[in-house]
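Accompanying notes for the structure given below.
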Number of protein chains: 2
Amino acid sequence: MLFSLSCRSVPLHSYADIHKANRKMKSPSQRKAVKAPTIKDLAKHVGVHISTVSRSLNPETRNLIGSDMVKKVLAAADELGYVPNSMASALRKGQSRTIGIVIPDLMNPIFPPFIRGIQDTLEEAGYTAFIANSDGNKDSEQLIVQKMKARIVDGLIMASAVFKNDPAIRECTKKDIPVVLINRDIEDENISAVVNDDRHGIFEAVKHLAELGHTRIAHVAGPQTTYTGLVRYRAFVEAMQTGDLIFDEYLINFAHGYSVQAGEKAFSQILDQKMDFSAVIAANDQLALGVLDSLAKAGKRCPKDLSLVGFNDMPLVDRINPPLTTLRIQHYEMGAQAARILLEELDNPKLPTRTMMLKPKLMVRKSTTKNKDH
Amino acid sequence: MLFSLSCRSVPLHSYADIHKANRKMKSPSQRKAVKAPTIKDLAKHVGVHISTVSRSLNPETRNLIGSDMVKKVLAAADELGYVPNSMASALRKGQSRTIGIVIPDLMNPIFPPFIRGIQDTLEEAGYTAFIANSDGNKDSEQLIVQKMKARIVDGLIMASAVFKNDPAIRECTKKDIPVVLINRDIEDENISAVVNDDRHGIFEAVKHLAELGHTRIAHVAGPQTTYTGLVRYRAFVEAMQTGDLIFDEYLINFAHGYSVQAGEKAFSQILDQKMDFSAVIAANDQLALGVLDSLAKAGKRCPKDLSLVGFNDMPLVDRINPPLTTLRIQHYEMGAQAARILLEELDNPKLPTRTMMLKPKLMVRKSTTKNKDH
DNA sequence: TTGAAAGCGCTAACAG
DNA sequence: CTGTTAGCGCTTTCAA
């Protein structure tokens, strides 16, 4: 009953708090209905015991029952429109065939493909998912996990894991409910994860720019509190220190969030330094859009005055002006993999955890071009 | 220092930190399954009967219990980390505080805001949602509804209702489980719906173009098997037959789906007729993108040679080339309204059904301009 | 104000 | 092969 999976306001952790939050709940309605037939009705209709019906209905135990009996039961089920009550079954079996997905925000375009990948994979295994939005809030994330557990989810896929010391995750590992991280790896717990190979992506971007003759490359980094922000930043530094590139830490600035505005602000500050550089790699597409805005305000143009590479390949960035060179992440496939791993761990809890890394693909478009000063 | 520039209020995490954390990591075998405490454990811990605990926990029945008792129980619940098993409660109460959402495809960018609106509203009432994708398939939709009912959802919000004679919907009304339609109204059943005012939107678009001097306007219509496709088409015809506009049915062509490709094909066929027109309204943004592609292939340019209006205001269409004039739908608000209506019907099953219409807003951008031939 | 007891619908031993 | 029985964890009469 205490249920609300997405929480944006005040952090609430105690049991009492949860109930307080729900006090405005409406009173239950007595909906009169043609109440759904139960297994009992079915049994009566066929003239056998309910356990016979149960066994006939379950493919795993069907072999225990005479095939003509099975046929009769199935026919009756069809006739009455019987649908088993999965709550009852879940209660009895102690597993709900439900998993929880925690993401920061469904409206962020990178998440729908993740989720679709998860859902499609889960569905084949007869599982369903609850989706909750944490809005990047550590506290609400913890509350969500609590509520997910109330729903007795069999497992969890988290895309919003805070980088380190995530209490929500600890909560799960403690109770031994399997968790798979997606898009974020965490190193202080023993948990499986599916991540994009950010390092590879950044190296690809740098290589691409280097081949175009760029040597002085700036980086609008993401918040270093996020996995992607940190990993891409580190990869950038590493990549720039190889080959004939000129690494200059003053060409790096950190955005305060993954928004267009944050990108614009961060890049403006780089621009204000009046330093020499001919290309920039943004930690994601949103930031890249901000770079574009900042550039426009400075009266400069992309790619003529500056080459730009994004990260994510969000929908429509191939049609903006100029079409953005960026790294395409296998979002859907990552979701599917995460689901697969979770399913396996559900099946065999003693399985060792693993981290799977999928490579992104550089989509070369019009926002990058040869360095003319070269 | 540049680095500090990026800090939020949260501390930075470096790899060094992580390794440090790693070293003191517990071995995986230490993960013990501590099975969640039940109400029984709680009762034992406090030394009272489970029904006392149940009553103390539930705000509705809490008044029946001594306030010091309540306090003790709550404290114990907190201490043990007790989270009630909502399956058990659902089973007992015959109501799950869960609702189902059926959409064609989560990856279609118009749906996430719908869902977020629904989720946020539901959350306040202590409800959660299951989301299922029907991929526009009538059969899978019906299957989904069946599964949802197995999950004992208390109600349903459907965005994928086939326009007419939807068996899935009939199934629900038959069983008296409340349904709210979103983005699609249905005429042969008595069901509440929340829709965008498509007619208003099309009229706004036509008016806008008329004011720019366009008189011959084409329409790339959506599939007439969909609610939006049909309603927008009809509105277009109606709008064109008022004022000084020149209506010509040969300037209308129907796309076979809501995809870019379908839009391109449909518009190419209009173009092939070599007729005179200076503007086009596409039934949605995807189709509008197709129009842009078709136009480019024909060596013409927007808005110089043709003004274009889309529908939906998808993310980033304001940044494509040219920024698309389109109609912004209140997706999030529609979702919230649908949830509100469902909640009310859940609360009071005898409530008369209603249809709510939200007005879209014309976002004038660069894809429309004055008709120079005028 | 609290306790006892009866299930919600289903599954899984254990018998026959 | 099929029936009996005992719950899963919780809510809710009905008693006390």
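To find a chain, count down the sequence lines: A is the first, B the second, and so on, and within it residues start at 1. In this text, all values refer to a predicted model and were calculated from it rather than measured experimentally.
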Original post:
CG/B/L346 to CD1/B/I341 distance, rounded to the nearest 0.5 angstrom?
Top reply: 12.5 Å
**OP:** Using the side chain to side chain contact (heavy atoms under 4.5 Å, CB included) rule, take B/V194 and B/L181 through it: C-alpha gap first, then chi angles, then the decisive distance, then the call.
**Re:** CA-CA 6 Å; B/V194 177; B/L181 262 27; over 6 Å; no
Subject >> Residue list, ring-ring contact (aromatic ring centres under 6.0 Å, His included) with B/F114, at least two apart or on another chain >> reply: B/F111, B/H331
**OP:** Could you tell me whether B/R340 and B/E345 make a salt bridge, using a distance below 4.0 angstrom between a side-chain N and a carboxylate O?
**Re:** no
**OP:** Scan B/G94 against the nucleic acid and name what it touches under 4.0 Å (heavy atoms): base, sugar-phosphate only, or nothing.
**Re:** nothing
Subject >> Atom pair distance, as rounded to whole Å: CG in B/N63 and C1' in C/dT1 >> reply: 11 Å
**OP:** Please determine, for the side chain of B/I39, which listed nucleotide (C/dG3, D/dC10, C/dG9) has the closest atom?
**Re:** D/dC10
Subject >> Side chain to side chain, B/I103 and B/I157, heavy atoms closer than 4.5 Å >> reply: no
Original post:
How about A/T98 and B/R151: does a side-chain donor come under 3.5 Å of a side-chain acceptor?
Top reply: yes
Close N/O contacts between protein and nucleotides 6-8 of chain C (under 3.5 Å):
{"residue": "C/dG7", "atom": "N2", "partner": "B/R92", "partner atom": "NH1", "Å": "3.4"}
{"residue": "C/dC8", "atom": "O2", "partner": "B/R92", "partner atom": "N", "Å": "3.3"}

Original post:
Which nucleotide sits closest to the side chain of A/L64: D/dT2, D/dG3, C/dC10?
Top reply: D/dT2
Subject >> Carboxylate-amine/guanidinium proximity below 4.0 Å for B/E123 and A/K147 >> reply: no
Original post:
Does any N or O in the side chain of A/T61 come within less than 3.5 Å of the main-chain N or O of A/R55, such that one atom is a donor and the other an acceptor?
Top reply: yes
Original post:
Looking for any heavy atom pair under 4.0 Å, which part of the strands does A/M69 touch: base, sugar-phosphate only, or nothing?
Top reply: sugar-phosphate
**OP:** Would you please confirm or rule out a distance under 4.0 Å between OP1 or OP2 of D/dG9 and any side-chain N or O of B/Y82?
**Re:** no
Subject >> Integer-rounded Å distance: C/dT2 P and B/L57 CG >> reply: 14 Å
**OP:** Decide side chain to side chain contact (heavy atoms under 4.5 Å, CB included) for B/R116 and A/D105; before the verdict, give the C-alpha distance in whole Å, the side-chain angles of both, and the deciding distance to 0.1 Å.
**Re:** CA-CA 8 Å; B/R116 233 343 197 142; A/D105 179 15; 3.1 Å; yes
Subject >> Protein-nucleotide distance (B/E60, atom CD; D/dC10, atom C1'), rounded to Å >> reply: 16 Å
Subject >> d(CG, B/D68; P, C/dT1) in whole Å >> reply: 10 Å
**OP:** Give the nucleotide from the list D/dG9, C/dT2, D/dT2 with an atom nearest to the side chain of A/I65.
**Re:** D/dT2
Subject >> Whole-Å gap separating P (D/dT2) and CZ (A/R62) >> reply: 14 Å
**OP:** Report yes if at least one side-chain N or O of B/H49 is closer than 4.0 Å to OP1 or OP2 of C/dA4; otherwise report no.
**Re:** yes
**OP:** Would you kindly give the NZ-to-C1' distance between B/K72 and C/dT2, to the nearest whole Å?
**Re:** 12 Å
Subject >> Below 4.0 Å: OP1/OP2 of D/dG3 and any side-chain N or O of A/T52 >> reply: yes
**OP:** Evaluate the side-chain hydrogen bond (donor to acceptor under 3.5 Å, both in side chains) criterion for residues B/Y82 and B/D41: first the C-alpha distance (whole Å), next the side-chain angles of each, then the deciding distance (0.1 Å), finally the verdict.
**Re:** CA-CA 9 Å; B/Y82 171 73; B/D41 301 321; over 6 Å; no
Extract from the structure each pairing of a protein N or O with an N or O of nucleotides 13-16 of chain D at less than 3.5 Å, listing the distance.
{"residue": "D/dT13", "atom": "O4", "partner": "B/R55", "partner atom": "NH1", "Å": "3.3"}

Subject >> Length of the line joining B/N85:CG and D/dG9:C1', which is rounded to integer Å >> reply: 6 Å
